[in-house]
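Working notes, beginning with the structure itself.
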Amino acid sequence: MRLIWNVSPKGILCLSLVEQNNMLHFSIYNEGVSIPPENLSKVWKKFYRDKTAKYSGSGLGLAIVAQILSMQNLEYGAENISGGVRFFFSIPITK
């Protein structure tokens, strides 16, 4: 399943959900400026904020997500891809 919609005239947000090998793989693509490679791992830390970014926030959202996923030993990450950034995580399907 893949959902795509414009969240503003400036970009696209694409959500993807794929079931494979008893796992649900979630992917969120945000069209826009990439994150410098040296900062990709930092976005998961509490209160981290890019000083040059034109957005506001406390810097807690991704840190909370990372904490929950880490406690469950689940895969997650972020990567720069053509035209934006992709955040992803996977969870097991219980049948």
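- The hydrophobic cluster containing Val33 does not contain Val85, counting ILVMFWY residues as joined when their side-chain heavy atoms lie under 4.5 angstrom apart, directly or transitively.
- Residue Leu74 comes nearest to Pro92 through the heavy atom pair CD2-CD, 3.5 Å, listed as atom of the first residue, atom of the second, then distance.
- Taking the six-membered ring for Trp and thresholds of 30 and 60 degrees, Phe26 and Phe89 have nearly parallel ring planes, at less than 30 degrees apart.
- With sequence neighbours left out, Ser41 forms a side chain to side chain donor-acceptor pair (under 3.5 Å) with no residue at all.
- Among residue pairs with one or both ends in residues 62-81, those qualifying as salt bridge (charged side-chain N to carboxylate O under 4.0 Å, His left out) are Glu79-Arg86; sequence neighbours excluded.
- Connectivity analysis of hydrophobic side chains (ILVMFWY, heavy atoms under 4.5 Å, direct or indirect) links Tyr29 to Ile81.
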Give the table of side-chain donor-acceptor pairs shorter than 3.5 Å for residues 18-25, with sequence neighbours excluded, one pair per line with atom names and distance.
from  : atom 1 : to    : atom 2 : distance (Å)
His25 : ND1    : Ser90 : OG     : 2.6

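- Counting only distance, with no hydrogens or angles, the side chain of Asn30 and the backbone of Leu13 share no donor-acceptor pair below 3.5 Å.
- In this structure Phe88 satisfies the ring-ring contact (aromatic ring centres under 6.0 Å, His included) test with no other residue, sequence neighbours excluded.
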Donor-acceptor list for residues 62-73 side chains, cut-off 3.5 Å, not counting sequence neighbours:
from  : atom 1 : to    : atom 2 : distance (Å)
Ser70 : OG     : Ala66 : O      : 2.8
Ser70 : OG     : Tyr76 : OH     : 3.3

